[in-house]
Amino acid sequence: MSAPISIHRPSSSGGRRVTIRGQIAGLAMGDSDVVEFLRRAGLPDAEQLLDDPRWVEWRGGRAHRYEAA
């Protein structure tokens with residue numbers, strides 16, 4: 001089973017698309033944006049989940065890096 005949260009590879013203009021259970025949550029420019037998307041999805045302690053591979057899959061690129069590809 002894959003993680004319910006995917007943080008996709010950085011775009012050519014910067015930022016990373018975030019999906020939660022297959023639904024696009026938005027474009028994150030930093031960890032604070034991801035935390036806000038997760039909070040809106042009902043996960044109030046989201047900052048603690050960012051490095052947990054059971055919850056978050058970082059795709060294409062280093063975790064916590066959002067600069068243009």
Side-chain angles (χ1 to χ4, degrees):
M1 184 172 151
S2 63
I5 301 157
S6 296
I7 302 174
H8 300 268
R9 66 184 171 133
S11 71
S12 60
S13 59
R16 297 176 87 141
R17 184 168 41 99
V18 177
T19 55
I20 303 170
R21 293 190 172 96
Q23 300 293 315
I24 297 172
L27 182 68
M29 300 306 285
D31 284 351
S32 61
D33 292 334
V34 177
V35 168
E36 178 61 16
F37 297 151
L38 300 182
R39 185 194 65 76
R40 290 180 188 176
L43 298 164
D45 296 325
E47 56 277 332
Q48 298 171 6
L49 303 178
L50 293 182
D51 293 313
D52 186 339
R54 294 173 295 175
W55 282 93
V56 177
E57 177 184 4
W58 292 86
R59 297 182 180 176
R62 293 177 51 194
H64 309 286
R65 303 296 294 262
Y66 297 85
E67 58 273 346

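Along the sequence shown, residues carry numbers from 1. Predicted model, so just to flag it, every value in this text is computed and none were measured.
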query = Is there a donor-acceptor contact under 3.5 Å from the side chain of Arg16 to the main chain of Ser6?
reply =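 Flag not set: sc Arg16 to bb Ser6 has no pair under 3.5 Å.
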
Which heavy atom in [X] sits nearest to a heavy atom in [Y], and how many Å separate them?
{"X": "Pro10", "Y": "Gly60", "answer": "CD-O, 3.1 Å"}
{"X": "Pro53", "Y": "Ala3", "answer": "O-CB, 3.6 Å"}
{"X": "Val35", "Y": "Ala46", "answer": "O-CB, 4.0 Å"}
{"X": "Ser12", "Y": "Ala68", "answer": "O-CB, 3.2 Å"}

remark   = So salt bridge (charged side-chain N to carboxylate O under 4.0 Å, His left out) across residues 44-53, not counting sequence neighbours, yields Asp52-Arg54

message = Tell me every residue that passes side chain to side chain contact (heavy atoms under 4.5 Å, CB included) with Arg9, counting only those two or more places apart in sequence or in another chain.
response =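 Counting only residues at least two positions away or on another chain, Arg9 forms no side chain to side chain contact (heavy atoms under 4.5 Å, CB included).
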
ask   = How would you list, by chain and number, every residue that makes a side chain to side chain contact (heavy atoms under 4.5 Å, CB included) with Leu27, sequence neighbours excluded?
value = Met29

First locate atom [atom1] of [X], then atom [atom2] of [Y], and finally report the distance between them rounded to the nearest 0.5 Å.
{"X": "Glu57", "Y": "Ile5", "atom1": "CD", "atom2": "CD1", "value": "11.0 Å"}
{"X": "Ser11", "Y": "Glu67", "atom1": "OG", "atom2": "CD", "value": "11.0 Å"}
{"X": "Ile7", "Y": "Asp31", "atom1": "CD1", "atom2": "CG", "value": "7.0 Å"}

key: salt bridge (charged side-chain N to carboxylate O under 4.0 Å, His left out) involving Arg17 - partner list, sequence neighbours excluded   =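 For Arg17 there are no salt bridge (charged side-chain N to carboxylate O under 4.0 Å, His left out) partners, ignoring immediate neighbours.
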
request  = With sequence neighbours excluded, give me every side-chain hydrogen bond (donor to acceptor under 3.5 Å, both in side chains) pair touching residues 18-29.
outcome  =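 Every pair satisfying side-chain hydrogen bond (donor to acceptor under 3.5 Å, both in side chains) with a residue in residues 18-29: His8-Thr19.
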
task = Decide yes or no for Val56 and Val34: does some side-chain heavy atom of the first lie under 4.5 Å from some side-chain heavy atom of the second?
result =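 Val56 vs Val34: side chains apart.
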
request  = Any ring-ring contact (aromatic ring centres under 6.0 Å, His included) involving residues 47-69? Give me the pairs, sequence neighbours left out, ordered by first then second residue.
outcome  =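 For residues 47-69: Trp58-His64.
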
